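Step one of this worksheet: look at the structure below.
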2 protein chains.
Amino acid sequence: MSDAGGMGRGRATAEMVAQRANVSRISVSRAFNSHTSLKPEKRALILRIAEELNYTPDRAARALVSGRSHLIGVIVPDVCSHWESQEVDALTTALQNEGFATLLFKTRTDYSMDEKLLAYMRGFNPDSVIAFVENVKPTTLAQFLDRAVPIYVHYPHPGEPEPAETGPLHDRLNVLQRPGIEQAVAMLQGYGAKRIAYVSGVERSQANTAREHMLRTVMAERGLAPPTIAVGDFSYDAAYAATIDLFRVGDGADAIFAANDVGAFGVLDALRHELGLRVPEDVQVVGFDDIAQSHWKSYNLTTVKFDLEERVRALVRLILRRLKTPDAPTLHETLQTRLVVRGTVG
Amino acid sequence: MSDAGGMGRGRATAEMVAQRANVSRISVSRAFNSHTSLKPEKRALILRIAEELNYTPDRAARALVSGRSHLIGVIVPDVCSHWESQEVDALTTALQNEGFATLLFKTRTDYSMDEKLLAYMRGFNPDSVIAFVENVKPTTLAQFLDRAVPIYVHYPHPGEPEPAETGPLHDRLNVLQRPGIEQAVAMLQGYGAKRIAYVSGVERSQANTAREHMLRTVMAERGLAPPTIAVGDFSYDAAYAATIDLFRVGDGADAIFAANDVGAFGVLDALRHELGLRVPEDVQVVGFDDIAQSHWKSYNLTTVKFDLEERVRALVRLILRRLKTPDAPTLHETLQTRLVVRGTVG
DNA sequence: GTGGAGAATGAACACGTTTTCATTTTTCGT
DNA sequence: ACGAAAAATGAAAACGTGTTCATTCTCCAC
């Protein structure tokens, strides 16, 4: 009753813009979806008035009719974990530049909740989903998503051998971790390391097993005895405790490979502040990821680097391509790793 | 042409559920919006069939008609910055539990882009907005948001004196930083500190000026000379460089107050690894925030703690209340700070 | 058994777009 | 200048839901 004409209340609608420009509402729509034909001067006029009225097409309405929400669901266990936060950060930037928005969801380590979370998330109609979560089969994800929503299970630390995925997604992002690990092992061995230990991540996670497997392979190729395994869970605290165990209860080591950089920080602090050992003189340490904190002077960590920016760009490229042409042929992209040498080896 | 009946393709609609349950589509709607009357057995039937068909109400359609998207826009400069990431993490969890989702946007330090970003974000119809961004007046924000969308400018490190906000938001979250700072200064003084320096954050930011002002006030009250100011920008690298400057070019100090914990890490590393000073013997250091990394052994930082969880809970409470009852009276909530003592003073 | 109150239910409309189709206007070749 | 092709434009339908209003049904008091 009060929303009759062009009242100031509420946001501007295409109808109001049309009215002020003496055109039909349809022309306004066309002015924003540039693919159809529209007289240039008329488009300019419409856009000017739209600007004036602070009008933008309502995305809810647009989503309703077009089936595209321009929302990308992102599932993360912990945003505040260093690695994930940097990935979410880069992802959000990239998506934002392409006209999409990041819809963020958190899952606790309680993986049993994931199905409920997925159903919940589905309600928001994301165009695609990127899951940083382990232990969730793509088929399980697919079961909860309708239409042909591409789902990208984004193993935090992917690597060979590839998991046998049979989900709706066939595009794949391969990260070859062999190069970086080979360089690292060669360097450690060059400096005289003989007994190399591995402080693991979450034990049965895809990320951890892939890395451990590759490390074992490379070490065997170079004639080294299999690594001693100290069990962690990707966290600082667990790595700290595991390292102490390794030396107090176990046989120690002269080099330690941590499953990720944060874990490596725990290893370093345990060695220096709890065990009284020197790095790299007594024990050498190598991490995984090359997060921003790794160059901080207190750690100054030698680590196997994943080019995060490049990786996120590739991921976004895959998603958008699949979204634009759902039936395009499957694409595989391959990224490299390499060793970044700092102060914890030598 | 192919989407005629209840094809498997596409997601289930209320109409399909209604058809299978021999009721009208409206009853299905009622079954989900529980406030209206509906025969219990019928509701049970509908919900069962909905479950069976994997149906949930389309949020785009629902948003279109109800005007509520259940999306909360969150603007952050950098997700991967420790403090922000922990806040976003807690925020997402809290919102998720209340049936909302976090819509994440990133702004670079290029503040001139913010208006464009806001217009962009507005297109997604967030029900409310939380901005971690400095230097954006609430009125500027309000100008871009229609309806009565409550906007919460979430100063990273708020404190007295309060900014004179005249925006649409009158609810307010006060963080009293005086208690924590008083405890910190008292302790430093107790251990003999006389010349206290302050390594700042971004200079003209609300966060930084508020903290500096309070520190200055408390120090004056206790008869200390005004703090030497070393200019940083909340980052590790800037604090690192500022500290070196402070000692190489300036007169040094016997205690350093950093504007945030990450900055304090830079201070510590500069002192120990570049200047060869011992902490806390030669110089004492205090930070701000108490982020998760502050207890790591290499830093083991004494710091002024904000109870992040409690704060986010309060914030979400305010938002939801305002959303539910837009005309409810203004509410002020007050939170405390306190000193967490670790190894960098004494 | 009848009237009426209250609950239960259904029909029509609204929300703000995009899209398809038909119609009108412009442009161009001859 | 005429016809046809192409471009520009508008009307109507659709997307899936919530809401208002009118209608039907149920149950109880008299």
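These numbers were taken from a predicted model, which means no experiment stands behind them. In what follows, chains are A, B, ... by sequence order, proteins preceding strands, each numbered from 1.
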(request) Measure the shortest side-chain to side-chain distance between B:Val74 and A:Leu104 over non-hydrogen atoms and say whether it is less than 4.5 angstrom. (result) no

(message) Using whole Å, what does the distance between atom P of nucleotide C:dT19 and atom CG of A:Asn33 come to?
(response) 6 Å

(message) Counting C-beta onward and ignoring hydrogens, is there a side-chain heavy-atom pair between A:Leu103 and B:Leu103 closer than 4.5 Å?
(response) yes

(message) When you measure from the side chain of A:Thr13 to the backbone of A:Glu15, do you find a donor-acceptor pair of N or O atoms at a distance under 3.5 Å?
(response) yes

(message) I'd like to check B:Arg48 versus B:Glu52 (side-chain heavy atoms, cut-off strictly below 4.5 Å). Are they in contact?
(response) yes

(message) Tell me every residue that passes side-chain hydrogen bond (donor to acceptor under 3.5 Å, both in side chains) with B:Arg25, counting only those two or more places apart in sequence or in another chain.
(response) none

(message) Angle between the two end axes of the helix from C:dG1-D:dC30 to C:dT30-D:dA1, five base pairs per end, rounded to 10 degrees?
(response) 30°

(message) Applying ring-ring contact (aromatic ring centres under 6.0 Å, His included) as the test, list every pair that has at least one member in residues 43-63 of chain A; sequence neighbours left out.
(response) A:Phe32-A:Tyr55

(request) Whole angstrom is fine here: how far is it from CD in B:Glu15 over to P in C:dG10? (result) 11 Å

(request) Could you check how far CZ of A:Arg43 sits from P of D:dA7, rounded to whole Å? (result) 14 Å

(message) Please pick, from D:dT19, D:dT17, C:dT19, the nucleotide with the shortest atom-to-atom distance to any side-chain atom of A:Ile26.
(response) C:dT19

(message) Measuring from the side chain of B:Val65 (C-beta onward, heavy atoms only), which nucleotide among D:dC15, D:dG16, C:dC13 has the closest atom?
(response) D:dG16

(message) Check this one for me: any side-chain N or O of B:Thr13 less than 4.0 Å away from OP1 or OP2 of D:dG16?
(response) no

(request) Send over the distance from B:Asp58 CG to C:dG16 P, rounded to a whole Å. (result) 17 Å

(message) Side chain of A:Leu64, heavy atoms from C-beta onward: which of D:dG18, C:dT18, D:dC15 has the nearest atom to it?
(response) D:dC15

(message) Measuring from the side chain of B:Val23 (C-beta onward, heavy atoms only), which nucleotide among D:dG18, D:dG16, C:dG10 has the closest atom?
(response) C:dG10

(message) Between C1' on D:dT9 and CZ on A:Arg25, what's the gap in Å once rounded to a whole number?
(response) 13 Å

(message) On a heavy-atom basis, which atom in B:Thr56 and which in A:Arg122 lie closest, and how many Å separate them?
(response) OG1-NH2, 2.6 Å

Atom pairs under 3.5 Å: protein N/O with N/O of nucleotides 7-9 of chain C:
residue: C:dT9; atom: OP1; partner: B:Lys42; partner atom: NZ; Å: 2.8
residue: C:dT9; atom: OP2; partner: B:Lys39; partner atom: N; Å: 3.2

(message) Minimum heavy-atom separation for B:Pro126 and B:Met121, please, with both atom names.
(response) CD-O, 3.5 Å

(request) Mind calculating the distance between CZ (B:Arg68) and P (C:dC15) to the nearest angstrom? (result) 17 Å

Distances for protein N or O near nucleotides 4-6 of chain D N or O, under 3.5 Å:
none

(message) Is the shortest side-chain heavy-atom distance between B:Glu41 and B:Leu45 below 4.5 Å?
(response) no

(message) Side chains of B:Thr102 and B:Leu91, heavy atoms from C-beta outward: is any pair under 4.5 Å?
(response) no

(request) Please tell me if the side chains of A:Asp307 and A:Leu335 come closer than 4.5 Å, counting only heavy atoms from C-beta onward. (result) no

(message) Could you tell me how far apart A:Asn22 (CG) and D:dA8 (P) are, to the nearest whole angstrom?
(response) 19 Å

(request) For A:Tyr55, answer base if it contacts any base atom (sugar-phosphate contacts may also be present), sugar-phosphate if it contacts only those atoms, and nothing otherwise; contact means non-hydrogen atoms under 4.0 Å. (result) sugar-phosphate

(request) Give the rounded distance in Å between these two atoms: CD of B:Glu41 and C1' of D:dT26. (result) 13 Å

(message) My understanding is that only one of B:Leu71, B:Ile319, B:Thr92, B:Leu95 makes a side chain to side chain contact (heavy atoms under 4.5 Å, CB included) with B:Phe100; could you say which?
(response) B:Leu95

(message) Side chains of A:Asp78 and A:Glu84, heavy atoms from C-beta outward: is any pair under 4.5 Å?
(response) no

(message) Could you measure the distance from the CG atom of B:Asn22 to the CD1 atom of B:Ile46? Nearest 0.5 Å is fine.
(response) 10.5 Å

Pairs under 3.5 Å (N/O, protein and nucleotides 22-25 of chain D):
none

